[in-house]
There are 2 protein chains.
Amino acid sequence: MSASQFSTKQRILGAAEALFAQHGFAGASLRQVTSAANVNLAAVNYHFGSKDNLIEAVFRRRLDALNARRHAALAKVEANPAATLEDALDAFIRPALELALDRQGGAAFMRMLARAYAEHDERLRRFLSDNYGHVLREFAVVFHRMLAHLGKEELYWRLDIVAGALTYTMADFGLIKRRAGTSEAAHREYTIEHLVRFAAAGLRAA
Amino acid sequence: MSASQFSTKQRILGAAEALFAQHGFAGASLRQVTSAANVNLAAVNYHFGSKDNLIEAVFRRRLDALNARRHAALAKVEANPAATLEDALDAFIRPALELALDRQGGAAFMRMLARAYAEHDERLRRFLSDNYGHVLREFAVVFHRMLAHLGKEELYWRLDIVAGALTYTMADFGLIKRRAGTSEAAHREYTIEHLVRFAAAGLRAA
DNA sequence: CCCCGTATCAAACGAACGTTTGAAGGATAG
DNA sequence: CTATCCTTCAAACGTTCGTTTGATACGGGG
């Protein structure tokens, strides 16, 4: 049979991620997911309990690592007295972009994340805020220190735009083919550099 | 009865817009829509033919006017030899923000638009591109002239970010309460000015 | 008056949904 | 070998979905 080397749980998570990215949480059915994962329909409820729990598990699988890497990168920025706004933005962007460009469904995950961001679903927002909000708040503190000339209201409003722009853009990156003749590493650095410059210009604008 | 002053068709369009914004196209059912609109379930298929046609009608009702206003504003920019990048961005942003801040469901429409943008649905993309893409291409030409120092690839990529950021942000504006003591007009101008400056800084960044 | 096109209605259609059930497999420990 | 636990399976549960149907009411033009 075509069952892959991965466990039932992992196959479900991978298929769900891809289908949620493509059709949304309401639009992708458990029958589509289990069929794509080559597992029985009942396996979802056996391993995850419910569709909602499956959705949370799909987030958790990637966000635990992403959040940890962002946190570590930000800690290095905070330890460096000469760190710039660009360094802080790099700490935010680089882990996400590396995830978006990996070969194991990371691109699908970023598209799913962008959809979730746009959905404004209250249950999902609370889940994300409760489990991963603290790192984002750490970033907000650092940005506040680096952009002290902006009022708190003005800063939050700009961070909102930047976060939205970055989420949108990185979600698209898995889809954009890179320029011919460039290595993946070069493509990643090129992209990060431009995203950082773009975001920094917007945040600093008088 | 509580039937409003509007026709059955208009009541369906209004209810669908609000519910699509909140729950998405797959997540909002025709039973929810017709119940909120106080019309019979069969009215949707009678007046619009299908759910997909209803979705297109909801877009058409707002986008015809929005696109026309953007086109007119851009024509003024093109007629003015001294026009700046900020003027062109204003022509793009102002009509959308006025729509987002109107009192007749415009905020819901912008949220719906942002969701559609994030969904990457092929059918919907083709519908939007076929019906409203020509004005966006006109904007691209103007931006290309005003940012001649950027390569074509670089320009498109930045426009992509800016369009995403603006879509996201304007979708949120209907939800953000304005600062106390400011008139709606002042709030709108304040917002437009900052969005324009933010976008211009990102587009021009070296 | 009757007719006819428009509009609304309750009711039902088959299909697809998330979830549950109970039996069958398959590995491991005693 | 038997007993036990974890996993998988086909089948069915009740609900909700988009859509269709046929009857009913309404409103001018012949």
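Protein chains get the first letters and strands the later ones, always in sequence-line order, with residue 1 at the start of each.
- Distance CG (A:Leu30) to P (D:dA12): 20 Å, rounded to an integer number of Å.
- Place B:Arg31 and A:Ala26 on DNA chain C by their nearest nucleotides, and B:Arg31 ends up nearer the 5' end.
- Phosphate contact (OP1/OP2 of C:dA7, side-chain N/O of B:Asn40, threshold under 4.0 Å): absent.
- Base contact: A:Ala42 has a heavy atom under 4.0 Å from a base atom.
- Contact check, A:Ser29 against C:dC17: a side-chain N or O comes under 4.0 Å of OP1 or OP2.
- Ring-plane geometry between B:Phe25 and B:Phe59 is classed as tilted, the angle between the planes lying from 30 to 60 degrees on a 0 to 90 degree scale.
- The phosphate of D:dT8 has OP1 or OP2 within less than 4.0 Å of a side-chain N or O from A:Thr8.
- Considering only heavy atoms from C-beta on, A:Glu78 comes within 4.5 Å of A:Arg145 through its side chain.
- Between C:dG18 and A:Asn45, no contact under 4.0 Å exists linking OP1 or OP2 to a side-chain N or O.
- For the pair B:Asn53 CG and D:dG18 P, the interatomic distance rounds to 14 Å; values are reported in whole Å.
- Between the C1' atom of C:dA7 and the OH atom of B:Tyr46 lies a distance of 5 Å, rounded to the nearest Å.
- Across every strand in view, D:dG29 sits unpaired, with no contact that passes the Watson-Crick or G-U test at under 3.5 angstrom.
- A:Lys51 has its NZ atom 8 Å from the C1' atom of C:dC17, to the nearest Å.
- Remark: C:dC2 base-pairs with no nucleotide; criterion is Watson-Crick or G-U wobble with both hydrogen-bond distances under 3.5 Å.
- Computed from coordinates, the A:Phe48 CZ to C:dT19 C1' distance equals 16 Å when rounded to whole Å.
- A perpendicular orientation is assigned to the rings of B:Phe139 and B:Phe92, their planes being inclined by more than 60° (bins at 30° and 60°).
- Within the model, atoms CD of A:Glu189 and OG of A:Ser183 stand 9.0 Å from one another, a figure rounded to the nearest 0.5 Å.
- Here the straight-line distance linking atom OH of A:Tyr190 with atom CD of B:Glu154 works out to 4.0 Å at 0.5 Å rounding.
- If you take CG of B:Leu41 and P of D:dT19, they are 10 Å apart, rounded to a whole angstrom.
- Computed from coordinates, the A:Asp52 CG to C:dT19 P distance equals 7 Å when rounded to whole Å.
- Rounded to whole Å, atom P of D:dT7 lies 6 Å from atom NE2 of A:His47.
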